Amino acid sequence: MNLKGKSILLGVSGGIAAYKAITLCSKLAQAGADVKVIMTESAVKFVAPLTFQTLSRHHVVTDTFEEKDPSVVSHIDLADHADLVVIAPATANILAKMALGMGDDMLSTTLLAATAPIIVAPAMNVHMYEHPAVRANMETLRERGVRFIEPGEGQLACGYVGKGRLAEPEQIFAAIIDSFEPNRPLQGKKVLVTAGGTVERLDPVRYLTNDSSGKMGYAIAEEARAMGAEVVLVSGPSSLPRPAGVEFVPVLSALDMLSAVMERLEEMDVIIKAAAVADYRPAEASPVKIKKKDEELTIRLVKNPDILQQVGARKTKQFVVGFAAETNDLEANALDKLRRKNCDLVVANDVTREGAGFGTDTNIVTILDKNGTAERLPVLSKREVARHLLQIAADRLVSSGGE
Ligand code: PMT
């Protein structure tokens, strides 16, 4: 990802999540962006300006009246040279100042002068985030064209569990790339992605599942969104943050996933089944905890419906992509799945190879169509695998007249 030639103004306001802005600043600089950082007085209490200065190779501005270069007015100069303004983390206070048009410090004053697009990643306590004043300020800003990256849910620094954690730097970075990305081959398309493993209950405290982390499916969902698609992500349990700008449908069992996919099938243009669906489920889920009694316990399993096969059987205009997790005869097995399940493409991953398959950040895949190999890829990040896959899907949608 190349941000060479792009000037990004990064505003850091005062919250504990300011530490995550360091990673963001580093990623932006590594991608070639010219990053200039403004910190509020409170942000400086959490993180030293020197950290950002070292990463961005620019002096970090904190004071409106610290005019180091007499040839320019610093807040106007910073505002004028920005191709994009990113506020991460954004506190309730900076949101209120932005909504009201206040300019009482360097960041808010510069924001008043900025004409570039603005991306805001809020972070605060869950109750502050839900406060009607904060919601109203965000709504006002949204109406003015400010783009928000929703905070994640989870353990907050204040001790509460809920929504308010700053989105991960990778997510904010992806949104920044997205804002510069002119190539949107999936614009106007609806893409449904399944991800993660399913959970098949044995009793209230035990279940059968597998090692799928959701990384492959989430990367596809994020990339499809970046390529302009409207994305639905149907996900089994995963510890990954929910991708921004994507409709998220959490599911547990294969049967839940089947309903979630089938309900939406008709309106979709592309279906990508990266999930590792359990082939079998316990014939009965015990309503009470199964007791330890005999030396042996036999659990009867029954076959789950094959969601991909049902999609393949019912598809009309949909471009259908299956995954094949194989340990032997990779391409022959994958091609067999493609034909049996009526897929347009199948992504074969040899899950025995290092850097491929379950839980890893990378994957090694061969993408096959009914005529054989469409693309054989080396070890790549799952996001890059997603990009290759979606580009093939987009090209084929166009050539089949789906434009
Ligand atoms: O989530 P990660 O940790 O990133 O790992 C990624 C992955 C290895 C899980 C992913 O890349 C992958 O290979 N997913 C498919 C795993 C799998 O279940 O493969 P399969 O060969 O058993 O199934 C073939 C296809 O049929 C898959 O698209 C699967 O979603 C689908 N299927 C399978 C069974 C079933 N009952 N319903 C289905 O829809």
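Quick note: numbers below take in every heavy atom, side chains included, and nothing from hydrogens, waters or symmetry partners. First listed ligand is number 1; within each ligand, the first listed atom is number 1. FYI, the numbering just counts along the sequence from 1. As the structure is a prediction and not an experimental result, all values here were calculated from the model.
Of the heavy atoms in I307, both backbone and side-chain atoms come closer than 4.0 Å to ligand 1. With a 4.0 Å cut-off on non-hydrogen atoms, Q309 does not touch ligand 1 at all. If you look at P305 next to ligand 1, the close heavy atoms, those under 4.0 Å, all belong to the backbone.
For the pair E326 and ligand 1, the shortest N or O to N or O distance does not fall below 3.5 Å.
In this structure, R135 is positioned above the aromatic face of Y129, its NZ or CZ under 6.0 Å from the six-membered ring centre and within 45° of the axis.
In this structure, atom 13 (O) of ligand 1 lies nearest to the protein heavy atom N349 ND2, 3.0 Å.
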| task | Let me see the working for E331 and R376 under side chain to side chain contact (heavy atoms under 4.5 Å, CB included), right down to the final yes or no. | result | CA-CA 11 Å; E331 295 189 13; R376 201 185 301 274; 2.4 Å; yes

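Using a non-hydrogen distance threshold of 4.0 Å, A334 does not register as a contact of ligand 1. Taking a 4.0 Å cut-off on heavy atoms, K341 registers as neighbouring ligand 1. For the pair G357 and ligand 1, a heavy-atom separation below 4.0 Å is found. A heavy-atom separation below 4.0 Å is not found between A254 and ligand 1.
Nearest heavy atoms, G14 versus T91: O-CG2, 3.3 Å.
Of the listed residues (A324, A325, A274), the one carrying the non-hydrogen atom nearest atom 7 (C) of ligand 1 is A274.
In this structure, a donor-acceptor pair under 3.5 Å is present between the side chains of D34 and H58. Side-chain contact check for S74 and D77: no donor-acceptor pair (N or O, by modelled atom type) lies under 3.5 Å.
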